[in-house]
Amino acid sequence: MRPSAAVLLGWIALLAAGRVGGQVIRPPFGLEWGASPQQVLDSARQSGVKVLEHEETPGHTTFEVSISQQPFNRVDFGFQAGHLIQIVVRYPTSGNEGPGLVGSLRAEFQQGLGVGELLETGRQQNADGNEETRRVFRWQKEGCALWLILLEVRSEGRGRASEVTAVYANLGLSRRLEIDAAGR
């Protein structure tokens, strides 16, 4: 019996990103929470990824990279006061692949973090008149969180499209940086 493409994509992505484990939710790609934008950019460039967008506002820096040869195609990095606090990994899906990929990723995250909390599941009509279905799971440990999000959109003219996103965040570091900035 051959595993589905979604299961294989999820497995390959987790191998590439590194395992989630231990008491703290670690960022993927071998990175460390609190790394500087330059450290992350240098690491990304050494891996041959292309920086698509770079934005700086007072106290915050974000950049998006495009990654080829991986099951995920875009990664967004978020920094606060020069420290890595968030990574968003986006997986392209087509047709009915989204739920299968979410199932694979969820099973892998549960191996390292336990059962995730189902935060949201539901359907509604969006502003464009299309039906949106969302499922959101969360794991939280030691001030860090991981959200796994499936968004499916059904439109009459285009059929069904979906996106799977994994959001890693260090909420404790983010809050500590806010407090430090307010105390200055």
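The residues of the chain are indexed from 1 along the displayed sequence. Heavy-atom basis, side chains included; hydrogens, waters and symmetry copies ignored. These numbers were taken from a predicted model, which means no experiment stands behind them.
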Flag yes if Y91 and V88 sit in one hydrophobic cluster, no otherwise; membership is Ile, Leu, Val, Met, Phe, Trp, Tyr, and two members link when side-chain heavy atoms are under 4.5 Å apart.
no
Under 4.5 Å between side-chain heavy atoms, hopping through other hydrophobics if needed: is there a path connecting V136 to L101?
no
Regarding E55 and T62, do their side chains bring together a donor and an acceptor under 3.5 Å, going by distance alone?
no
Steps toward side-chain contact (heavy atoms from CB on, under 4.5 Å) verdict (L31, F77):
CA-CA 11 Å; L31 295 171; F77 298 93; 3.6 Å; yes
Let me confirm one number: the CD1-CG distance from I149 to L105, rounded to the nearest 0.5 Å.
12.0 Å
Would you sort out whether E132 and R134 count as a salt bridge (Lys or Arg N to Asp or Glu O under 4.0 Å), showing the intermediate values?
CA-CA 7 Å; E132 282 187 1; R134 277 184 306 286; 3.0 Å; yes
Please walk me through it: do L52 and F63 pass side-chain contact (heavy atoms from CB on, under 4.5 Å)?
CA-CA 7 Å; L52 298 175; F63 58 87; over 6 Å; no
Enumerate the ring-ring contact (aromatic ring centres under 6.0 Å, His included) contacts for residues 111-140, please, sequence neighbours excluded, ordered by first and then second residue.
F109-W139
In the structure I gave you, are the side-chain heavy atoms of R26 and E32 within less than 4.5 Å of one another anywhere?
yes
Approximate separation, where rounding is to 0.5 Å, of Q111 CD and R106 CZ
13.0 Å
If you look at every heavy atom in A44 and V49, which pair is closest and at what distance?
O-CG2, 3.0 Å
Is there a side-chain contact between D76 and R90 in this structure, where contact means two heavy atoms from C-beta onward sitting under 4.5 Å apart?
yes
Kindly indicate, with the supporting measurements, whether the criterion side-chain contact (heavy atoms from CB on, under 4.5 Å) is fulfilled by F79 and I85.
CA-CA 5 Å; F79 301 86; I85 60 164; 5.8 Å; no
Rounded to the nearest 0.5 Å, how far does OG1 of T165 lie from CG of L151?
8.0 Å
For the residue pair L113 and K141, establish whether any side-chain heavy-atom pair is separated by less than 4.5 Å.
yes
Decide, yes or no, whether a salt bridge links R74 with E64 under the criterion of side-chain N to carboxylate O below 4.0 Å.
yes
Using side-chain heavy atoms (C-beta onward) and a distance below 4.5 Å, is Q86 in contact with N170?
no
Using salt bridge (charged side-chain N to carboxylate O under 4.0 Å, His left out) as the criterion, list what pairs up with E53, not counting sequence neighbours.
none
Looking at side-chain heavy atoms only, is the closest gap between F29 and V89 below 4.5 Å?
yes
Can you tell me how far apart CG (D180) and NE2 (H83) are? Round to the nearest 0.5 Å.
8.5 Å
Treat each ILVMFWY residue as a node, draw an edge where side-chain heavy atoms are under 4.5 Å apart, and state whether L146 and L118 are in one component.
yes
Would a distance-only check, ignoring hydrogens and angles, find a side-chain to backbone donor-acceptor pair under 3.5 Å from Q80 to S174?
yes
Say whether Q46 and D42, considering side chains only, have a donor N or O and an acceptor N or O under 3.5 Å apart.
no
Is any side-chain heavy atom of C144 less than 4.5 Å from a side-chain heavy atom of W33?
yes
Has the side chain of S162 got a donor or acceptor atom that lies under 3.5 Å from a matching backbone atom of T93?
no
When you look at Q140 and L171, which way does the side-chain contact (heavy atoms from CB on, under 4.5 Å) test go after all the steps?
CA-CA 10 Å; Q140 196 161 346; L171 306 171; 3.9 Å; yes
Can any side-chain N or O of W147 pair as donor or acceptor with the backbone N or O of A169 at less than 3.5 Å?
no
Taking the side chain as C-beta and beyond, is there a heavy-atom pair between L148 and V102 under 4.5 Å?
yes
Quick one: list whatever passes side chain to side chain contact (heavy atoms under 4.5 Å, CB included) with N130, sequence neighbours left out.
N126, D128, V153, S155
S104 (side chain) donor-acceptor with G100 (main chain) under 3.5 angstrom:
yes
Of E152, R154, R123, Q124, the one forming a side-chain hydrogen bond (donor to acceptor under 3.5 Å, both in side chains) with T133 is R123
Considering all heavy atoms, the nearest P37-G82 contact
CD-O, 3.5 Å
Do I25 and L119 share a hydrophobic cluster (ILVMFWY, side-chain heavy atoms under 4.5 Å, transitive)?
no
